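Taking it in order: structure first as structure tokens, then the write-up.
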Amino acid sequence: MLNIILMGPPGAGKGTQAVDIAEHFHIPHISTGDMFREAIANKTPLGLQAKAIIDQGGLVPDSLTIDLVKDRLSKDDCANGYLLDGFPRTIPQAEALAELGPKIGRAVNLAVNISVPDEILVDRIAQRRVCPKCGASYHLVNRKPAKDGICDRCGSELIQRKDDNAESFKVRLENYNKQTSPLLDYYKKAGFLHEFNGNQAVETIRQEVFSLLEANQ
Ligand code: AMP
């Protein structure tokens, strides 16, 4: 069973790998960041609450985020595995997931961590363009779309995320180091952690991660 959490600092390549993993292994890609962005675009009460926090690079409060994931993980399409991207990001979130997972027969069994040095993350975030429709991610120099400004996968117009600026990135990286990186130890102790070097070609990382997932299918 592939009940996966995908971890790594902002710009590590989680989203890029997640899209391919979900497609190849036929499991839903659950990105809390995407869910929040959708809520913001639709101006739902959650979106209105989360917008300022996200734009500035902060973390949405645990209670809101945990409720969102609880609802999503309970849906039928998660019965045969799932890929959580960007959740958990704090110890209380990991604890909530550890409580919920076994209760609904969907306990996490793999934590995939992609690590990349800080100085490379800064460049990746500055040069990142994303597809607001399908979630695909590009780099203006290293991973350009075939046609400037247009998503290769779905043809939508690419955008720069509002929080992909130097100031918000700094806050996101600080939050990652303070709040999220302790989770590595948490999942190491649980025996689920698998680490990958994210400072390699996208294809190389994909092959390494796919081997792990194929062995655990
Ligand atoms: P991401 O697309 O994963 O980079 O997430 C974008 C933003 O959404 C983050 O910088 C946070 O503001 C918010 N967010 C996403 N996931 C979480 C989470 N698990 N806990 C708190 N905030 C989150």
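Keep in mind that what you see is a predicted model, and the values were worked out from it rather than measured. Read the numbers this way: they start at 1 and go in the same order the structure lists the ligands and their atoms.
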Write 'none' if nothing qualifies; otherwise put on separate lines each N/O atom of ligand 1 with a protein N/O atom under 3.5 Å away and their distance to 0.1 Å.
unit_1: ligand 1; atom_1: 2 (O); unit_2: Arg37; atom_2: NH1; d: 3.0
unit_1: ligand 1; atom_1: 2 (O); unit_2: Arg37; atom_2: NH2; d: 2.8
unit_1: ligand 1; atom_1: 2 (O); unit_2: Arg161; atom_2: NH1; d: 3.2
unit_1: ligand 1; atom_1: 3 (O); unit_2: Arg89; atom_2: NH1; d: 3.2
unit_1: ligand 1; atom_1: 3 (O); unit_2: Arg89; atom_2: NH2; d: 3.1
unit_1: ligand 1; atom_1: 4 (O); unit_2: Arg89; atom_2: NH2; d: 3.3
unit_1: ligand 1; atom_1: 4 (O); unit_2: Arg161; atom_2: NH2; d: 2.9
unit_1: ligand 1; atom_1: 12 (O); unit_2: Gly58; atom_2: O; d: 2.5
unit_1: ligand 1; atom_1: 16 (N); unit_2: Thr32; atom_2: OG1; d: 2.8
unit_1: ligand 1; atom_1: 16 (N); unit_2: Gly86; atom_2: O; d: 3.4
unit_1: ligand 1; atom_1: 16 (N); unit_2: Arg89; atom_2: NH1; d: 2.9
unit_1: ligand 1; atom_1: 19 (N); unit_2: Gly86; atom_2: O; d: 2.9
unit_1: ligand 1; atom_1: 19 (N); unit_2: Gln93; atom_2: OE1; d: 2.9
unit_1: ligand 1; atom_1: 20 (N); unit_2: Gln93; atom_2: NE2; d: 2.9
unit_1: ligand 1; atom_1: 22 (N); unit_2: Val60; atom_2: N; d: 3.1

Sequence neighbours left out, cut at 3.5 Å: what donor-acceptor pairs do the side chains of residues 83-103 make with other protein atoms?
unit_1: Asp85; atom_1: OD2; unit_2: His29; atom_2: NE2; d: 2.8
unit_1: Arg89; atom_1: NH1; unit_2: Gly86; atom_2: O; d: 2.9
unit_1: Thr90; atom_1: OG1; unit_2: Asp62; atom_2: OD1; d: 3.0
unit_1: Thr90; atom_1: OG1; unit_2: Asp62; atom_2: OD2; d: 3.4
unit_1: Thr90; atom_1: OG1; unit_2: Gln93; atom_2: N; d: 3.2
unit_1: Gln93; atom_1: OE1; unit_2: Arg89; atom_2: N; d: 2.8
unit_1: Gln93; atom_1: NE2; unit_2: Asp62; atom_2: OD1; d: 2.9
unit_1: Glu99; atom_1: OE2; unit_2: Lys103; atom_2: NZ; d: 3.4

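A salt bridge is defined here as a Lys NZ or Arg NE, NH1 or NH2 lying under 4.0 Å from an Asp or Glu carboxylate O, and Asp185 with Lys189 meets this definition.
For the pair Asn175/Thr180, no side-chain contact is recorded, criterion being any heavy-atom separation below 4.5 Å from C-beta on.
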Might you work through the side-chain contact (heavy atoms from CB on, under 4.5 Å) test for Asp164 and Arg172, ending with a clear yes or no?
CA-CA 10 Å; Asp164 277 353; Arg172 286 156 69 199; 3.0 Å; yes
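Pairs engaging residues 150-163 under the side chain to side chain donor-acceptor pair (under 3.5 Å) rule: Asp20-Arg153, Glu23-Arg153, Arg161-Asp163 [sequence neighbours left out]. For residues 196-217, the pairs satisfying ring pair (Phe, Tyr, Trp, His ring centres under 6.0 Å) are His24-Phe210, Phe25-Phe210, with sequence neighbours left out.
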